[in-house]
Amino acid sequence: MLIKLLLFVLCAVFVLKGVESAELQQRAVDINDFRKLALERHNYHRRRHGCADLILNDTISAHAQDWANQISLGEGLPHRPNNPYGENLFAAWASWTDYDITGDVAVNSWYSEIHKYVFGEATPHNFNDVGHFTQLIWKNSKQLGVGKVAKNGKVWVVANYDPPGNYGGEYVENVPKPL
């Protein structure tokens, strides 16, 4: 009987280790799927304004992921200090611990600021209300990196852009009206 019990425990540990590995692999797939959908949604919106598609960059994504990891440990949603990239941040939460979002949710939220944007201004008078939208569309940005953390019912998303956007006096040429 003791041998059967030991065999059962060893099998159970082996099965649980397999589940843990599969779960980690699933998370890796999930972040890649998240990034792909975020990129697709960025490019969908950019095309609506006649802007070239962004390219997903692994190095910039690692940078964004690092910041998503860091901000998930603290309070608030601070921008990364001395960031060489443009940056959009997003956070969401729910009462259930396994809450998560897809890659288009944050991007669509940023794009929704279009309704507050006044096309033709050299520099937006209401930057805090439209800065996510303008960075998303910024014509001169060419590469994108995306990071996400989902835990305990909260989700943090970081998008980094290279070259960065939102330079005063350059909005007219970099944030075109929809076609």
Side-chain angles (χ1 to χ4, degrees), residues 31 34-94 99-150 154-179:
I31 189 62
F34 183 90
R35 287 178 177 144
K36 182 180 176 190
L37 186 54
L39 174 67
E40 288 171 2
R41 186 49 60 166
H42 270 86
N43 289 336
Y44 167 78
H45 290 305
R46 290 172 62 85
R47 286 183 208 126
R48 294 176 64 193
H49 293 260
C51 298
D53 285 358
L54 294 172
I55 297 168
L56 193 61
N57 179 297
D58 289 341
T59 301
I60 301 171
S61 287
H63 185 81
Q65 186 63 52
D66 176 66
W67 191 243
N69 292 342
Q70 289 186 49
I71 62 177
S72 75
L73 300 173
E75 296 294 323
L77 199 59
H79 282 281
R80 186 180 206 137
N82 305 312
N83 195 348
Y85 304 113
E87 183 174 75
N88 277 346
L89 303 174
F90 178 86
W93 56 92
Y99 175 69
D100 203 351
I101 61 171
T102 55
D104 58 334
V105 173
V107 180
N108 287 336
S109 173
W110 298 326
Y111 187 81
S112 72
E113 294 176 0
I114 187 174
H115 301 294
K116 298 176 186 172
Y117 185 68
V118 178
F119 289 94
E121 287 186 326
T123 302
H125 69 280
N126 58 342
F127 177 77
N128 289 337
D129 296 328
V130 299
H132 301 104
F133 161 71
T134 56
Q135 175 59 83
L136 189 159
I137 298 301
W138 199 263
K139 196 175 205 172
N140 196 40
S141 292
K142 308 296 182 202
Q143 297 182 88
L144 174 70
V146 180
K148 178 192 80 158
V149 171
K154 296 179 183 176
V155 179
W156 297 265
V157 178
V158 176
N160 286 144
Y161 304 84
D162 188 47
N166 288 339
Y167 286 106
E170 297 181 18
Y171 285 83
V172 173
E173 58 270 14
N174 280 290
V175 186
K177 292 180 181 180
L179 301 174

Next on the checklist: If you count every heavy atom of other residues, nucleotides or ligands that lies below 6.0 Å from L77 atom CG, does the total exceed 12?
Outcome noted: yes
Next on the checklist: Taking the side chain as everything from C-beta on, heavy atoms only, tell me whether K154 gets closer than 4.5 Å to S72.
Outcome noted: no
Item to check | Nearest heavy-atom neighbours spanning V157 and A106 | outcome: CG1-CB, 4.1 Å
Checklist entry - Take atom NZ in K116; do more than 12 heavy atoms of anything else shown fall under 6.0 Å from it? => result no
Checklist outcome for this item: OG1 of T123 to OH of Y167, rounded to nearest 0.5 Å, is 13.0 Å
Checklist entry - Which pair of non-hydrogen atoms, one from L179 and one from R47, has the smallest distance, and what is that distance? => result CD1-O, 3.7 Å
Next on the checklist: Has W110 got a side-chain atom pairing as donor or acceptor with L89's backbone, closer than 3.5 angstrom?
Outcome noted: yes
Checklist entry - Judged by atom type as modelled, is there a donor-acceptor pair below 3.5 Å linking the side chain of Q143 to the main-chain atoms of N57? => result no
Item to check | Full working for side-chain contact (heavy atoms from CB on, under 4.5 Å) between N83 and H63 | outcome: CA-CA 10 Å; N83 195 348; H63 185 81; 3.1 Å; yes
Checklist entry - Do any N or O atoms from the side chain of N88 and from the backbone of H132 form a donor-acceptor pair under 3.5 angstrom? => result yes
Next on the checklist: Quick check for you: to the nearest 0.5 Å, what is the distance between D53 atom CG and K142 atom NZ?
Outcome noted: 11.0 Å
Checklist entry - Between NE2 of H45 and CG of D104, what distance do you get to the nearest 0.5 Å? => result 8.5 Å
Checklist entry - Is there a side-chain contact between I114 and P178 (heavy atoms, below 4.5 Å)? => result yes
Next on the checklist: Looking at N174, is its backbone amide N or carbonyl O close enough to the side chain of E170 to form a donor-acceptor pair, meaning the two atoms are under 3.5 Å apart?
Outcome noted: no
Checklist entry - Given R80 and D66, is the side-chain contact (heavy atoms from CB on, under 4.5 Å) satisfied, shown in steps? => result CA-CA 10 Å; R80 186 180 206 137; D66 176 66; 2.6 Å; yes
Checklist entry - Checking side-chain contact (heavy atoms from CB on, under 4.5 Å) for the pair V155/F90: CA distance, chi angles, key distance, verdict? => result CA-CA 8 Å; V155 179; F90 178 86; 5.6 Å; no
Checklist entry - If only atom types and distance count, is the side chain of R46 paired as donor or acceptor with the main-chain N or O of C51 below 3.5 Å? => result no
Checklist entry - Between I60 and L144, is a side-chain contact (heavy atoms from CB on, under 4.5 Å) present by the stated rule, with each step listed? => result CA-CA 7 Å; I60 301 171; L144 174 70; over 6 Å; no
Next on the checklist: Tell me the closest heavy-atom pair linking P164 and Y85, and the distance in Å.
Outcome noted: CB-C, 3.8 Å
Next on the checklist: If we ignore hydrogens and angles and just use 3.5 Å, is the side chain of S141 paired with the main-chain N or O of D162 as donor and acceptor?
Outcome noted: no
Next on the checklist: Which residue in the set Y111, Y117, Y44, W138 passes ring pair (Phe, Tyr, Trp, His ring centres under 6.0 Å) when paired with H49?
Outcome noted: Y111
Item to check | I55 CD1 to N43 CG distance, which is reported to the nearest 0.5 Å | outcome: 9.0 Å
Item to check | Closest non-hydrogen atom pair, G165 against Q135 | outcome: N-OE1, 2.8 Å
Checklist entry - Is the backbone of S109 close enough, under 3.5 Å, to the side chain of S112 for a donor and an acceptor to pair up by distance? => result yes
Checklist entry - Mind checking whether L39 and V146 have side chains closer than 4.5 Å, heavy atoms only? => result no
Checklist outcome for this item: Between L56 and G145 the two heavy atoms that sit nearest each other are CD1-CA, 4.4 Å
Next on the checklist: Using every non-hydrogen atom in the two residues, find where W67 and P78 come nearest and quote the distance to one decimal.
Outcome noted: NE1-O, 3.0 Å
Item to check | Reported CD-to-CG distance for the pair E113 and N128, which is rounded to 0.5 angstrom | outcome: 9.5 Å
Checklist entry - With side chains defined as the heavy atoms from C-beta onward, is the minimum distance between N69 and Q65 less than 4.5 Å? => result yes
Next on the checklist: I want to check something: taking the side chain as every heavy atom from C-beta on, are E173 and N140 in contact at a cut-off of under 4.5 Å?
Outcome noted: no
Checklist outcome for this item: The single option from T102, V105, N108 that satisfies side-chain contact (heavy atoms from CB on, under 4.5 Å) with R41 is N108
Next on the checklist: Donor-acceptor pair, distance only, cut-off 3.5 Å: does the side chain of N160 make one with the backbone of G86?
Outcome noted: yes
